[in-house]
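Shown next, in structure tokens, is the structure this report addresses.
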Amino acid sequence: MKRKACAEVGIRSFDVDLPEDISEAALVAEVDRLNADHSVHGILVQLPLPKHINEEKILNQISIDKDVDGFHPLNIGRLAMKGRDPLFVPCTPKGCMELLSRSGVTVKGKRAVVVGRSNIVGLPVSLLLLKADATVTIVHSRTPNPESIVREADIVIAAAGQAMMIKGDWIKPGAAVIDVGTNSIDDPSRKSGYRLVGDVDFAEVSKVAGHLTPVPGGVGPMTVAMLLKNTVDGAKRGIVQ
């Protein structure tokens with residue numbers, strides 16, 4: 001999907017396919033090579049990595065100027081600080097905010113609930129909502145009675161990785177619901193034997209919510225689009241410098 005999208009908009013993309021048993025040092029050297037290549041404006045390390053490689057070390061190794069995934073600690077740190085802006089915002093959270101903006105959903109002053117606290121989605125999207133002046137609550141696996149908290153939200157970002165956990169009676173009428181989850185469930189009627197669903201029970205929630213993203217076809221394409229936007233922004237900065 002990323003390769004296809006790059007081709008459509010005129011971004012030159014290439015893969016560096018490496019063996020699963022590559023050493024950590026060799027992978028670091030590969031990242032350093034791309035860091036030093038002035039024709040490369042964005043580096044994405046496809047996760048998860050093999051268990052013998054320290055994921056944090058590899059992500060830290062990517063130049064902050066080419067961190068189009070937005071996962072470098074300096075980018076996340078700047079995102080967390082008031083009055084600071086990261087060079088790149090993580091793509092899925094950035095896509096969520098873009099969806100709210102383009103759908104005419106007001107964030108300022110609204111109650112937002114994020115379901116899930118992952119480094120990839122839950123944490124950064126909660127920081128973005130805070131920066132946009134929402135009042136933000138994070139619900140996670142240790143939160144008692146999560147449905148009572150979600151029910152108060154004007155905006156719900158579901159990113160827990162639990163198939164169809166959010167039901168219609170969890171949602172405040174008219175709320176904007178963005179479903180980040182991608183879960184496979186058994187479906188004998190499909191040739192593959194399964195189908196993809198989100199963290200939201202679409203059939204139920206669609207009767208209550210004011211806005212609701214589908215799975216698949218909602219947040220996924222936005223994530224790819226934001227990756228391309230980050231890459232173009234990185235290229236612009238590189239040219240100016």
Side-chain angles (χ1 to χ4, degrees), residues 1-5 44 46-48 69-71 90-103 105 107 110-126 128-129 136-228:
M1 292 290 288
K2 292 165 187 170
R3 283 194 295 267
K4 183 181 176 185
L44 185 153
Q46 193 68 48
L47 304 177
D69 251 345
F71 293 151
C91 303
T92 299
K94 186 173 183 174
C96 291
M97 299 304 291
E98 189 77 12
L99 282 167
L100 291 171
S101 173
R102 296 203 181 205
S103 300
V105 176
V107 177
K110 295 300 177 70
R111 180 78 185 268
V113 172
V114 178
V115 184
R117 52 179 170 175
S118 71
N119 289 335
I120 294 173
V121 182
L123 177 61
V125 82
S126 67
L128 285 171
L129 288 162
V136 183
T137 303
I138 300 176
V139 167
H140 50 78
S141 59
R142 300 292 184 268
T143 304
N145 303 315
E147 61 272 23
S148 63
I149 298 171
V150 174
R151 205 172 287 128
E152 297 176 3
D154 304 298
I155 298 166
V156 178
I157 311 287
Q162 295 292 322
M164 302 170 67
M165 69 171 284
I166 296 176
K167 303 298 183 182
D169 60 0
W170 288 37
I171 300 300
K172 179 180 181 180
V177 181
I178 295 182
D179 192 351
V180 182
T182 305
N183 313 283
S184 59
I185 62 172
D186 293 336
D187 186 346
S189 70
R190 299 288 181 93
K191 190 175 181 180
S192 62
Y194 70 91
R195 64 187 170 95
L196 295 179
V197 299
D199 290 353
V200 172
D201 188 325
F202 189 91
E204 286 191 13
V205 172
S206 61
K207 297 173 184 175
V208 185
H211 298 80
L212 174 60
T213 60
V215 176
V219 172
M222 287 300 300
T223 297
V224 176
M226 294 302 102
L227 173 65
L228 302 190

Give a yes or no on whether Asp187 atom CG has more than 12 heavy-atom contacts from other residues, nucleotides or ligands under 6.0 Å away.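 Atom CG in Asp187 is packed in, count exceeds 12.
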
Does NZ belonging to Lys207 count more than 12 external heavy atoms closer than 6.0 Å? no

Of the non-hydrogen atoms in [X] and [Y], which two are nearest, and what is the gap between them?
{"X": "Ala153", "Y": "Val113", "result": "CB-CG2, 3.5 Å"}
{"X": "Val224", "Y": "Met1", "result": "CG1-O, 4.1 Å"}
{"X": "Cys96", "Y": "Val125", "result": "CB-CG2, 4.1 Å"}
{"X": "Gly116", "Y": "Ile138", "result": "O-CG2, 3.6 Å"}
{"X": "Asp199", "Y": "Ala160", "result": "OD2-N, 2.6 Å"}
{"X": "Arg117", "Y": "Ser141", "result": "NH2-OG, 4.1 Å"}

So how far is it from [X] [atom1] to [Y] [atom2], rounded to the nearest 0.5 Å?
{"X": "Asp201", "Y": "Ile171", "atom1": "CG", "atom2": "CD1", "answer": "10.5 Å"}
{"X": "Met222", "Y": "Arg102", "atom1": "CE", "atom2": "CZ", "answer": "6.5 Å"}
{"X": "His211", "Y": "Ile155", "atom1": "NE2", "atom2": "CD1", "answer": "10.5 Å"}
{"X": "Arg111", "Y": "Ile149", "atom1": "CZ", "atom2": "CD1", "answer": "7.5 Å"}
{"X": "Lys167", "Y": "Glu147", "atom1": "NZ", "atom2": "CD", "answer": "12.0 Å"}
{"X": "Leu128", "Y": "Glu98", "atom1": "CG", "atom2": "CD", "answer": "11.5 Å"}

Evaluate the side-chain contact (heavy atoms from CB on, under 4.5 Å) criterion for residues Ile120 and Phe71: first the C-alpha distance (whole Å), next the side-chain angles of each, then the deciding distance (0.1 Å), finally the verdict. CA-CA 8 Å; Ile120 294 173; Phe71 293 151; 3.8 Å; yes

Main chain of Val200, side chain of Asp179: is a donor-acceptor contact present, judged purely on distance under 3.5 Å?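 Yes.
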
Is the closest side-chain heavy-atom distance between [X] and [Y] below 4.5 Å?
{"X": "Leu44", "Y": "Lys2", "answer": "yes"}
{"X": "Leu129", "Y": "Leu100", "answer": "yes"}
{"X": "Phe202", "Y": "Leu212", "answer": "yes"}
{"X": "Pro124", "Y": "Asn119", "answer": "no"}
{"X": "Gln162", "Y": "Asn183", "answer": "no"}

Would Trp170 and Glu204 satisfy side-chain contact (heavy atoms from CB on, under 4.5 Å), going step by step from the backbone distance to the final call? CA-CA 10 Å; Trp170 288 37; Glu204 286 191 13; over 6 Å; no

